[in-house]
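Single-structure report; data block below.
Chain A is the first sequence line, chain B the second, and so forth, proteins listed ahead of strands; every chain is numbered from 1.
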Number of protein chains: 2
Amino acid sequence: MVATYKDIRRLTGLSLATISKYYNGGNVLEPNRELIEKAAADLDYQLNNVARGLRSRRSMTVGVILDELDSAFNTTIVSRMEERLREAGYGTIICDSRKDAEAQADVMRFLVGKMVDGIIVVPVDDDASFLVPARDRGVPVVAVDRLVPGTDSVIIDNRAAIASAVQLLTTAGHTSIGLLAGPDSTYTMRERRAGFRDAVQDRTGLLPRTELIEPEHVSIEGGCAGVRRLLRLSAPPTAVVCANYGFTLGATIALNELGPESRPALVGFDNMDLARLIRPRPTLVAQPIEDLAIEAAELLLQRLNGDGPDEPVTITLDTTLMIGHESTYQLRPVPSNGRL
Amino acid sequence: MVATYKDIRRLTGLSLATISKYYNGGNVLEPNRELIEKAAADLDYQLNNVARGLRSRRSMTVGVILDELDSAFNTTIVSRMEERLREAGYGTIICDSRKDAEAQADVMRFLVGKMVDGIIVVPVDDDASFLVPARDRGVPVVAVDRLVPGTDSVIIDNRAAIASAVQLLTTAGHTSIGLLAGPDSTYTMRERRAGFRDAVQDRTGLLPRTELIEPEHVSIEGGCAGVRRLLRLSAPPTAVVCANYGFTLGATIALNELGPESRPALVGFDNMDLARLIRPRPTLVAQPIEDLAIEAAELLLQRLNGDGPDEPVTITLDTTLMIGHESTYQLRPVPSNGRL
DNA sequence: GTAGGAGCCTGAAACGTTTCGCCAAAGGGG
DNA sequence: CCCCTTTGGCGAAACGTTTCAGGCTCCTAC
């Protein structure tokens with residue numbers, strides 16, 4: 001059998017209350033402290049956190065719901081969060097909603113049933129009804145990479161991110177810029193698309209041609225297909241902006257098949273391993289992914305300690321434009337015009 | 001307040017024992033079943049798994065310890081495991097040991113204290129002493145990608161994997177093959193290196209020249225530096241085998257800087273997203289990573305149900321050699337000899 | 001000398017389930 | 001008709017902690 005307080009009581013003669021006080025950092029006389037430590041060592045005692053959780057109503061566990069697990073973005077998120085949360089004594093239960101709203105609602109109930117103290121979530125879409133079980137039970141929720149009204153959110157400035165890409169391209173002389181973005185149903189894509197429209201209008205005085213905005217599934221395949229479609233237009237864009245990492249990978253694959261002379265300029269999203277592999281060095285909008293994770297963990301920890309702000313809070317982080325090899329963003333001199 | 005069995009008892013007049021039986025799939029008369037379901041719905045009742053775990057001594061939680069979280073290999077592992085385990089009703093607590101033995105021992109104690117029912121681990125090194133807390137408490141452990149004597153393990157046939165790469169290269173005429181591998185302190189690297197030596201000896205009748213085996217830190221940087229060092233040798237190899245994904249990426253980056261004419265043949269490891277990015281299409285040893293995860297989860301679930309084999313078991317999975325563009329493995333006709 | 005407080009300890013009652021032993025009623029075979 | 005088994009239900013005792021309301025000792029200040 002595994003040792004419990006009762007065994008420690010047997011060996012030390014102290015009461016359960018005192019032993020509990022010891023394990024919770026209360027004041028215990030030095031000789032008693034030593035007695036307990038000796039007994040615990042002899043018994044190879046390990047505190048039972050399940051029992052503790054039942055009585056104290058804190059499971060010291062948080063749930064993390066991601067819309068997909070095997071993406072580089074979310075991996076980084078998990079890695080940093082887990083690190084920060086365990087530092088604070090919390091275990092991290094990870095759940096994958098596979099971009100499926102129903103699965104997301106399921107895991108939410110699952111986590112609430114597991115009595116997690118808090119939840120961090122990258123929501124599947126704008127429908128926040130899956131949060132109800134958590135709200136009902138007063139479990140704090142922090143949304144990451146999505147703005148969820150009425151809920152703490154940690155996001156990046158998506159509009160400015162895309163605007164910085166557009167600005168680089170227009171400064172280089174591009175006037176016809178395409179965008180690869182996912183469906184408007186996710187906050188991130190909606191913002192990036194709106195940011196694109198605004199930036200293009202700002203910089204060129206014109207609304208972007210609608211056929212240059214490719215609505216796609218968010219994936220490598222979507223990036224491949226999308227960029228090919230853009231280039232088949234009768235007046236193809238001279239530059240393409242990718243609204244996320246998957247599109248960037250896909251577009252890069254598709255462009256690999258073109259001769260370097262006929263490639264459009266390309267600004268991608270997210271600075272991950274990819275960037276080091278691809279030649280010429282790509283131009284990228286870099287998100288502070290680690291900070292996103294750390295800020296979210298920090299905000300949740302504040303809530304768990306009961307000392308966060310009164311109102312739901314939105315933390316917005318800035319992106320960095322990482323300028324790559326100039327061939328990736330310059331407007332090619334004449335010939336491509338000549339050919340059109 | 002959150003509802004409990006007592007509230008259901010109040011609404012239904014049934015005893016706690018009956019309500020418990022209902023929630024554990026026991027036989028309950030139809031009218032009582034309906035009563036309970038109605039009451040639960042009215043109360044928005046959610047079973048408290050912490051209390052359940054305390055009494056039943058099953059927390060329905062498993063711990064997963066990875067040697068690093070933000071690698072594509074481990075991401076895939078986590079993703080599949082989490083899926084399979086949650087299907088079976090288990091929550092997955094994830095921990096990152098950051099390739100640090102002490103951190104690994106810490107999280108092991110952390111998980112045992114959290115009363116996880118089982119643990120899946122990709123161990124940092126060969127020192128299995130960190131398993132003691134789990135063994136002492138009868139918590140089953142499954143090791144993944146490492147052979148841990150006396151413990152259930154799910155691995156791939158590392159020797160055969162490397163041998164298949166060597167065979168392809170020798171068949172194509174290569175006689176001087178280099179290897180990029182990590183330190184012998186991890187099982188995987190030791191096996192792959194031994195497999196390399198054996199295969200080269202088998203196929204060429206000679207032991208590989210020792211300077212062709214580059215001991216390196218396992219990383220993209222290591223791959224870059226290693227391949228550069230190999231090529232600076234007075235008699236550089238005509239082909240290089242990479243013993244893992246990081247090396248493959250790094251070697252690819254380094255080779256990108258060479259003209260296509262002077263590149264050695266390259267066989268990489270692991271078929272992940274980036275393999276689709278690289279042109280010409282690389283030749284790769286593909287591990288069944290998802291199966292690794294699923295087999296491990298399955299084996300642990302067996303142990304948790306108490307119906308696994310009596311003895312610790314080792315499951316070995318096979319790899320597939322994915323042959324890429326022929327320029328990636330063919331021996332280049334004459335000039336490279338001429339130049340040497 | 002004593003009131004009051006600080007410091008440390010204690011027994012007992014939670015926390016919300018599961019499980020054990022027992023009982024009543026119903027059903028079936030001889 | 002009786003005995004035996006099966007089914008479903010019940011009260012009460014766990015599970016291993018934390019927490020509550022006191023209680024004892026010792027010290028200080030008046």
Please report, to 0.1 Å, the donor-acceptor pairs under 3.5 Å made by any side chain of residues 43-51 of chain A, with sequence neighbours excluded.
from	atom 1	to	atom 2	distance (Å)
A:Asn48	OD1	A:Val50	N	2.8
A:Asn48	OD1	A:Ala51	N	3.0
A:Asn49	ND2	B:Gly113	O	2.8

For each nucleotide in nucleotides 12-26 of chain C, reading 5' to 3', give B when a protein heavy atom comes within less than 4.0 Å of its base, S when such contact involves only the sugar-phosphate, and - otherwise. -BBBBBBB-------
Of all pairs that satisfy salt bridge (Lys or Arg N to Asp or Glu O under 4.0 Å), the ones with a partner from residues 48-66 of chain B, not counting sequence neighbours: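 Of all non-adjacent pairs touching residues 48-66 of chain B, none passes salt bridge (Lys or Arg N to Asp or Glu O under 4.0 Å).
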Please list all pairs meeting salt bridge (Lys or Arg N to Asp or Glu O under 4.0 Å) that have one or both residues in residues 8-19 of chain A, counting only residues at least two apart or in different chains.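 Passing the test, one end in residues 8-19 of chain A: A:Asp7-A:Arg10.
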Scan residues 107-116 of chain B against DNA chain C and write down, sorted by residue number, each residue with any heavy atom closer than 4.0 Å; if none is found, say none. none
Who pairs with [X] by side chain to side chain donor-acceptor pair (under 3.5 Å), at least two apart in sequence or on another chain?
X        : result
A:Tyr187 : none
A:Thr188 : A:Arg146
B:Glu30  : none
A:Thr61  : none

Qualifying residues under side chain to side chain contact (heavy atoms under 4.5 Å, CB included), relative to A:Ser79, sequence neighbours excluded: B:Leu69, B:Asp70, B:Asp96
Partner residues of A:Phe73 under the side chain to side chain contact (heavy atoms under 4.5 Å, CB included) criterion, sequence neighbours left out: A:Ser71, A:Ile77, A:Asp145, A:Asp270, A:Met272, A:Gln287, A:Ile289, A:Leu292
Value in whole Å for how far the P atom of D:dT19 lies from CZ of A:Arg58: 10 Å
Does B:Val28 reach a base, just sugar-phosphate, or nothing at all? Heavy atoms under 4.0 Å.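 It contacts sugar-phosphate atoms only.
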Does OP1 or OP2 of C:dG7 have a side-chain N or O of A:Asn27 closer than 4.0 Å?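 For C:dG7, neither OP1 nor OP2 has a side-chain N or O of A:Asn27 closer than 4.0 Å.
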Exam field: side chain B:Asp67 to backbone B:Val124, donor-acceptor pair closer than 3.5 Å: no
Grab the N/O contacts between the protein and nucleotides 22-27 of chain D below 3.5 Å, and write none if there aren't any.
none

